[in-house]
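In what follows, chains carry the letters A, B, and so on, assigned in the order in which the sequence lines appear, proteins first and then strands, with residues in each chain numbered from 1.
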There are 2 protein chains.
Amino acid sequence: MTQEKFIGELEQMLLLCVLQLKDDAYGSQIRSFLADKAQRDLSIGALYTTLERLEQKGLLSGRLGEATAERGGRAKKYYSVTGEGRQALFRSKAALEQLWQSLALQLAPQFDQGGCTR
Amino acid sequence: MTQEKFIGELEQMLLLCVLQLKDDAYGSQIRSFLADKAQRDLSIGALYTTLERLEQKGLLSGRLGEATAERGGRAKKYYSVTGEGRQALFRSKAALEQLWQSLALQLAPQFDQGGCTR
DNA sequence: GACATATTTTCTACAATGTAGATTAAATAA
DNA sequence: TTATTTAATCTACATTGTAGAAAATATGTC
């Protein structure tokens with residue numbers, strides 16, 4: 001293939017959530033985190049479908065939680081971002097950032113690209 | 001509706017391109033701009049389909065170019081970003097940015113959110 | 001142990017967005 | 001009128017976004 005594949009906006013966000021939740025990145029935590037930090041409310045189904053797809057693409061890896069949980073309910077599935085996932089994330093960030101930077105430059109050409117003005 | 005609709009990643013990018021190209025935002029220009037600034041190569045079809053959808057959603061408005069062009073070929077269709085388009089764009093930016101900011105904070109808690117370290 | 005309850009994931013289905021190739025339209029040039 | 005040029009539209013399909021219902025699997029209770 002000649003061009004890298006791009007990941008969707010929600011995929012980017014979920015990758016970021018998992019990255020930040022570290023050892024506590026599973027379904028409902030991820031969902032709350034996203035709602036809290038980005039004001040984006042997902043249904044359960046929407047969440048898991050996307051997590052599953054990210055795993056299939058190799059951008060996330062999932063492992064089942066310990067069997068000896070001190071609570072009721074099914075075992076949690078913990079996710080972590082793979083190296084490939086990190087790459088995809090930073091690539092997406094870079095692409096969007098370059099466009100925003102050009103815009104900032106156009107609006108205020110007296111500032112340099114670093115964007116630090118204080 | 002209870003939650004604002006989100007726009008796709010490519011939609012964001014095209015909105016940004018149109019914003020920056022100002023009075024010269026039409027098909028092939030937009031396409032070159034995107035390829036140049038964000039290293040994202042789109043087919044003709046992919047480009048116009050997305051522009052068309054953005055127009056239908058009211059995030060872009062299009063008008064046909066002047067009939068008295070000094071060249072061969074069909075009339076250009078110029079686009080501009082509507083107020084609604086601007087809003088959608090900044091909303092998307094904000095959501096993603098908040099997630100990235102949390103991450104930066106986690107990686108380097110000694111720095112404040114402004115991110116300026118020089 | 002059967003049954004309620006709690007917690008979390010999977011299944012099924014459809015809508016929206018991303019993508020490309022071929023075709024059409026509309027202007028000028030020969 | 002026939003090329004040539006420039007640009008947009010059409011058609012079709014793949015990928016990503018979204019939600020509601022169902023299933024799985026643990027603990028608590030009688």
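- Where A/R74 and B/R74 each meet DNA chain D at their nearest nucleotide, the meeting point lying more 5' is that of B/R74.
- Note: CD (A/Q29) to C1' (C/dT7) measures 13 Å, nearest angstrom.
- Here the nucleotide nearest the side chain of B/T50, chosen from D/dG17, C/dT8, C/dG18, is C/dG18.
- Using a 3.5 Å distance cut-off with no hydrogens or angles, the side chains of A/S61 and A/T82 do not pair a donor with an acceptor.
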Tell me, with the steps shown, if B/K77 and B/R63 meet side chain to side chain contact (heavy atoms under 4.5 Å, CB included). CA-CA 6 Å; B/K77 185 170 182 184; B/R63 64 191 183 291; over 6 Å; no
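- Residue B/E52 is out of contact with every strand shown, counting any heavy-atom pair closer than 4.0 Å.
- Taking every side-chain heavy atom of B/S28 into account, D/dA7 is the closest of C/dG18, D/dG17, D/dA7.
- For A/Q101 and A/E97, the side-chain atoms include no donor-acceptor pair closer than 3.5 Å.
- Distance CG (B/L54) to P (C/dA16): 15 Å, rounded to an integer number of Å.
- Both A/R53 and B/Y79 sit near DNA chain D, but only B/Y79 has its closest nucleotide nearer the 5' end.
- Within a 6.0 Å sphere centred on NZ of A/K76, other residues, nucleotides and ligands contribute more than 12 heavy atoms.
- Residue A/K57 has a polar side-chain atom (N or O) positioned under 4.0 Å from OP1 or OP2 of D/dT16.
- We find that CD of B/E11 is positioned 12 Å from P of C/dA16, with the value rounded to whole Å.
- Among the heavy atoms of the strands lying under 4.0 Å from A/I44 is at least one base atom, whether or not backbone atoms are also near.
- Between A/L47 atom CG and C/dT10 atom P there is a gap of 11 Å when expressed in whole angstrom units.
- The side chain of B/A46 sits closest to C/dA20 out of C/dA20, D/dT18, C/dT10.
- For the pair B/I30 CD1 and D/dT6 C1', the computed distance is 15 Å after rounding to whole Å.
- In this entry the distance linking CZ of A/F6 with C1' of D/dT16 reads 15 Å, nearest Å.
- A salt bridge between B/K57 and B/E84 is absent, with no side-chain N of the basic residue lying under 4.0 Å from a carboxylate O of the acidic one.
- Atom CG in A/L14 sits about 12 Å away from atom C1' in D/dT18, given to the nearest Å.
- With rounding to whole Å, A/Y26 atom OH is found 17 Å from D/dA24 atom C1'.
- At the heavy-atom level, A/G27 lies under 4.0 Å from the strands shown only through sugar-phosphate atoms.
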